[in-house]
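Written below as structure tokens is the structure these notes are about.
Because only heavy atoms are used, hydrogens play no part in the values below, and waters and symmetry mates are left out as well, while side chains stay in.
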Amino acid sequence: MTPIDIQWILSIIRKAGDIALSHFGRTKGTLKADNSWVTQADVDVEAYIRKELESRRPNDAILGEEGADPPPASPVVWAIDPIDGTRAFNHGLPVWGVSIGVFENGEPTMGAFILPVLGDVYYTDGASAFCNGRALLPRTPELDANAILLVSEGAFKRLRIDYPGKTLSLGSAAAHLCYVARGSAVGAFDHASIWDYAAGAAILKALGTHLRYLSGRKVDFEELFSAKAAPEPTLASTDLHFRSLQRAFQRAE
């Protein structure tokens, strides 16, 4: 396989972030069939990223949130979320971004996520993880009364959470994973799709953290290539805290 240049990915995602930011506060979202939001920014950003990827790597497969892509037949698969956190974007909140992830033979290897309002870019070249060009190091925050657990919006409807620290929902699955990678949160709970996980999973993997289902099973990303969403909720955290956080989630009565 032809090597992928992380600097090329970063140039694409920065331009995509500029396109998204040019729409911020100027678009009106509409509801899709699955009751999720889509804006003109989603459409324009994904179209730009697809054009760039297809021009240089025409034999790779692409999975985009706004496309109707067939199951990939290529060993290299790109997963695009043009606006991760569209609800936050549509309401004028700052935690949303553009996500580009790369899978090689079913494994997340490279990826980048930009938060245009905040000016942050998280990425991995497959060996190391970075935020704004500075290397991220593996971190295991203390699990105490002030430790932050990031939880998707729908989790409160599905599960009862008995957690001694603080729970927050920032509106972006990819941002949640990046904040775990940075050590700002002890874990991130979600129930999302391949494009939501792609970049964050690669960044976490570079730091030695694997995305797992709440049951404890490691996520098989190839299973998600043709699925609308993960078969069960996911929990991202270090090995040290996984079991403690796993026990915090119980079925809602």
Assess the residue pair I9 and V102 against the criterion (side chain to side chain contact (heavy atoms under 4.5 Å, CB included)); give the C-alpha distance rounded to whole Å, side-chain angles, the decisive distance to 0.1 Å, and a yes or no. CA-CA 10 Å; I9 296 176; V102 183; 4.1 Å; yes
Mind checking the CD1-OG spacing from I83 to S99? Nearest 0.5 Å is all I need. 11.0 Å
P141: what forms a side-chain contact (heavy atoms from CB on, under 4.5 Å) with it, not counting sequence neighbours? V186
Distance-only side-chain donor-acceptor flag, D84 / S172, under 3.5 Å: yes
Say you draw a straight line from CD1 of I194 to CD of E65; how long is it, rounded to the nearest 0.5 Å? 12.5 Å
Mind checking whether Y197 and D190 have side chains closer than 4.5 Å, heavy atoms only? yes
Mind checking the CG-OG1 spacing from N90 to T27? Nearest 0.5 Å is all I need. 6.0 Å
Rounded to the nearest 0.5 Å, how far does NZ of K218 lie from NE2 of H210? 4.5 Å
Could you check if a side-chain atom of D5 sits within less than 4.5 angstrom of a side-chain atom of P3, using non-hydrogen atoms only? no
Could you go through the side chain to side chain contact (heavy atoms under 4.5 Å, CB included) check for R134 and N132 one step at a time? CA-CA 6 Å; R134 301 183 67 175; N132 299 331; 5.6 Å; no
Linked, directly or transitively: Y122 and V95 (ILVMFWY side chains, under 4.5 Å): yes
Is it possible for you to say whether F225 and I80 belong to one hydrophobic cluster, with membership spreading through side-chain heavy-atom contacts below 4.5 Å? no
I'd like to know whether D239 forms a side chain to side chain contact (heavy atoms under 4.5 Å, CB included) with R212, so could you lay out the CA-CA distance, the side-chain angles of the two residues, the decisive distance to 0.1 Å, and finally the verdict. CA-CA 10 Å; D239 289 343; R212 286 175 284 187; 3.0 Å; yes
Any chain of hydrophobic side-chain contacts (each under 4.5 Å) joining L224 to L211? yes
Within one Ile-Leu-Val-Met-Phe-Trp-Tyr cluster: L137 and L240, side-chain cutoff 4.5 Å: no
Non-hydrogen side-chain atoms of Y163 and L143 separated by less than 4.5 Å: yes
Is there a side-chain contact between L149 and F249 in this structure, where contact means two heavy atoms from C-beta onward sitting under 4.5 Å apart? yes
I'd like to check I13 versus Y123 (side-chain heavy atoms, cut-off strictly below 4.5 Å). Are they in contact? no
Locate the shortest heavy-atom distance separating A16 from V98; write the atom from each residue and the value. CB-CG1, 4.0 Å
To the nearest 0.5 Å, tell me how far I49 CD1 sits from K15 NZ. 12.0 Å
Smallest heavy-atom separation, L177 atom then A201 atom, equals CD1-N, 4.0 Å
Flag the pair I4 / R56 as yes when at least one side-chain heavy-atom distance between them is below 4.5 Å, and no otherwise. no
Working to the nearest 0.5 Å, report the span between NE2 of H191 and CG of D196. 11.0 Å
Check G85 against W96 and note the closest heavy-atom contact, atom names and distance. O-CB, 3.5 Å
Could you list the residues that satisfy side-chain contact (heavy atoms from CB on, under 4.5 Å) with D69, not counting sequence neighbours? R50, L63
Determine yes or no for a side-chain-to-main-chain donor-acceptor pair under 3.5 angstrom, with H176 supplying the side chain and F189 the backbone. no
Verdict with supporting geometry, L53 and I12, side chain to side chain contact (heavy atoms under 4.5 Å, CB included): CA-CA 9 Å; L53 298 181; I12 294 173; 4.1 Å; yes
Checking R217 now: which residues fulfil side-chain contact (heavy atoms from CB on, under 4.5 Å) with it, not counting sequence neighbours? Y213, S215, E223, P231, E232
Angle between ring planes, W8 versus W78, binned at 30° and 60°: parallel, tilted or perpendicular? perpendicular
State, to 0.1 Å, how close G216 and R243 come at their nearest heavy-atom pair, and which atoms those are. CA-NH1, 4.4 Å
Compare all side-chain heavy atoms of F242 with those of S237 and state whether any distance is below 4.5 angstrom. yes
According to the interplanar angle, ranging from 0 to 90°, do the rings of F89 and F24 count as parallel (below 30°), tilted (30 to 60°) or perpendicular (above 60°)? tilted
Hphob cluster co-occupancy, V180 + L136, side-chain heavy atoms under 4.5 angstrom: no
Considering all heavy atoms of both residues, which atom of A198 and which atom of F103 are nearest to each other, and what is their separation? CB-CE1, 3.6 Å
So do F130 and D125 actually touch side chain to side chain, heavy atoms under 4.5 Å? yes
Could you tell me if H23 and D44 have a donor-acceptor pair between their side chains, going purely by distance under 3.5 Å? yes
What pair of heavy atoms forms the shortest contact from D60 to S74, and how long is it? CA-OG, 3.7 Å
Using a strict threshold of under 4.0 Å (side-chain N to carboxylate O), is an ion pair present between K205 and E107? yes
